[in-house]
Amino acid sequence: MFDLTGLTTLKLPFHAASVLKLSSIENVCVSMPELGSAPRLILGGGSNLVVLEPEFDGVVLRPEIKCFEVTESGSDIFLEVGAGHQWHDIVMQTLERGWFGLENLALIPGWMGAAPVQNIGAYGVELKDHCYRVKLYDFEEEAVIELDASELKFGYRHSILKETPDRFLVLTVTLKLSTVPNPRVGYGAIADELEKQNLKSSDPRDIAKAVMSIRQSKLPDPADTPNVGSFFKNPVVRTDVAERLKAEFPDMPTYPDGAQTKIAAGWMIDHLGLKGHQVGGFSVHDRQALVLTNDGSGNANELRELVALIRSSVKATFGLSLAVEPTQLGQFNRT
Ligand code: EPU
């Protein structure tokens with residue numbers, strides 16, 4: 001077995017029977033049909049994966065494809081990038097070249113290939129706003145296919161790729177960017193941070209700086225403190241349900257969007273006094289209650305216990321169920 005614990009940012013013990021590095025599309029086309037029916041797991045940056053079973057009796061695929069192809073059309077930039085790039089490196093490279101769009105998504109950990117799977121998002125922008133097309137390996141057809149953004153069924157932390165995790169492997173993502181800035185500074189803390197640092201709200205590079213400062217002040221760096229970012233999704237409920245909750249809890253942050261309203265799960269966990277709560281090596285982060293951290297000694301059962309406590313407390317007080325956000329290998333509830 002190969003020890004892959006260090007390749008996931010939550011650092012739960014993880015061993016796999018085999019590991020296959022995929023460095024090019026040609027490499028994928030040749031080696032995938034040979035896998036047969038062996039269980040597969042795609043592992044990029046490992047920053048959104050919770051490993052609850054320490055041994056995986058299958059093959060871990062590492063898509064390390066690194067292409068970077070640009071097509072310009074007037075002020076539009078179409079950038080096709082390989083799944084193996086670090087997401088944040090691409091954000092920085094595009095901003096340096098004066099190609100705008102990804103500034104609010106600075107400092108998100110992980111690799112490019114994972115970005116469309118869960119439609120990464122932060123500070124009022126989601127990947128879907130800048131994803132033009134993806135190139136995929138289709139395990140069912142044993143062929144490379146392309147899907148336009150409209151075919152990916154993007155939603156809040158959701159896409160068709162998340163719905164059918166065994167069917168596709170992301171090879172490249174084509175981003176649609178622009179040489180014309182389109183600053184989006186409406187999300188809570190951004191405007192304040194720009195002002196505080198005397199930065200320009202019209203300059204996407206300044207917006208990226210503000211976003212990085214906010215993230216660094218609230219979110220633990222996975223390189224120092226094992227975590228997978230937000231551990232739960234913000235629940236989306238009918239707006240009338242949210243209004244009833246808001247009447248009872250006037251400080252509760254809610255984000256209405258027509259008939260549906262998103263509710264800040266971090267606020268609910270914080271309101272319950274769970275910030276800093278610890279079970280063995282796992283804790284609720286003391287600056288962002290939606291993030292759970294591992295001090296390096298945590299095991300899967302401790303995490304299960306902490307998750308169960310958070311979910312049952314939120315359910316008891318607010319009547320809402322929290323869904324785990326990252327991909328999981330193994331189950332939280334063992335029957
Ligand atoms: N809040 C608290 N206490 C907390 C945490 C949050 O009161 O401990 C309040 C905040 O003050 C704010 C509201 O809850 O009024 C929302 O908090 P925040 O802006 O920090 O965002 P979030 O909803 O907790 C989501 C994403 C993050 C993303 C931020 C910023 C999800 C699951 N998470 O978090 O994404 O960075 O918005 O856009 O949607 C990730 O997916 O891993 C991630 C970090």
Going by the angle between their ring planes, with limits at 30° and 60°, are [X] and [Y] parallel, tilted or perpendicular?
X: F68; Y: W99; value: parallel
X: Y137; Y: F139; value: perpendicular
X: Y255; Y: Y187; value: parallel

Report yes or no: does [X] contribute a side-chain atom to a donor-acceptor pair with the main-chain N or O of [Y] at less than 3.5 Å?
X: S75; Y: T179; result: no
X: T239; Y: A259; result: yes
X: D129; Y: E126; result: yes
X: D148; Y: R133; result: no
X: S217; Y: I214; result: yes
X: H85; Y: K66; result: yes
X: N294; Y: G298; result: yes
X: N234; Y: A265; result: yes
X: T94; Y: V91; result: yes
X: E96; Y: G98; result: no

Exercise. Can you check side chain to side chain contact (heavy atoms under 4.5 Å, CB included) on D166 and R40, steps first, answer last?
Worked result: CA-CA 8 Å; D166 288 332; R40 300 180 295 266; 4.0 Å; yes
Problem set entry | Test side chain to side chain donor-acceptor pair (under 3.5 Å) applied to E64 and S23, step by step | CA-CA 5 Å; E64 298 185 356; S23 53; over 6 Å; no
Problem set entry | Identified side chain to side chain donor-acceptor pair (under 3.5 Å) partner of T172 from the options E80, K135, E69, E146 | E80
Problem set entry | Atom of Q86, atom of G110 and distance for their closest heavy-atom approach | OE1-O, 3.6 Å
Problem set entry | Over 12 foreign heavy atoms within 6.0 Å of CG, D240 | yes
Exercise. Should the heavy atoms of other residues, nucleotides or ligands under 6.0 Å from CG of N198 be counted, would the total exceed 12?
Worked result: no
Problem set entry | Partners meeting side-chain contact (heavy atoms from CB on, under 4.5 Å) with K153 (sequence neighbours left out) | I160, E163
Salt-bridge criterion met for [X] and [Y] (N-O under 4.0 Å):
X: K246; Y: E243; answer: no
X: K275; Y: D286; answer: no
X: R304; Y: E53; answer: yes
X: E103; Y: K209; answer: no
X: D138; Y: R167; answer: yes
X: K233; Y: E325; answer: no

Exercise. With a distance cut-off below 6.0 Å to the six-membered ring centre and an angular limit of 45° from the axis, does R184 pair with Y123 as a cation-pi contact?
Worked result: no
Once rounded to the nearest 0.5 Å, what's the spacing between atom [atom1] of [X] and atom [atom2] of [Y]?
X: L7; Y: S47; atom1: CG; atom2: OG; value: 11.5 Å
X: S31; Y: K21; atom1: OG; atom2: NZ; value: 14.0 Å
X: T261; Y: D257; atom1: OG1; atom2: CG; value: 8.0 Å
X: D251; Y: W267; atom1: CG; atom2: CH2; value: 6.0 Å
X: K176; Y: I77; atom1: NZ; atom2: CD1; value: 11.0 Å
X: W111; Y: I90; atom1: CH2; atom2: CD1; value: 13.0 Å

For this session: Check the pair D206 / S201 against side chain to side chain contact (heavy atoms under 4.5 Å, CB included), numbers first and verdict last.
Result: CA-CA 7 Å; D206 277 6; S201 62; over 6 Å; no
Problem set entry | Distance-only donor-acceptor check, side chains S321 and K315, under 3.5 Å | yes
Exercise. Is there a donor-acceptor contact under 3.5 Å linking the side chains of D295 and S297?
Worked result: yes
Exercise. Any side-chain heavy atom of L306 within less than 4.5 Å of one from H277?
Worked result: yes
Problem set entry | Residues forming a salt bridge (Lys or Arg N to Asp or Glu O under 4.0 Å) with E302, sequence neighbours excluded | none
For this session: Tell me, please, which residues at least two apart from K162 pass salt bridge (Lys or Arg N to Asp or Glu O under 4.0 Å).
Result: none
Problem set entry | Output field: ring centroids F2/H15 closer than 6.0 Å | no
For this session: Using the side chain to side chain donor-acceptor pair (under 3.5 Å) rule, take S159 and Q118 through it: C-alpha gap first, then chi angles, then the decisive distance, then the call.
Result: CA-CA 6 Å; S159 75; Q118 50 151 350; over 6 Å; no
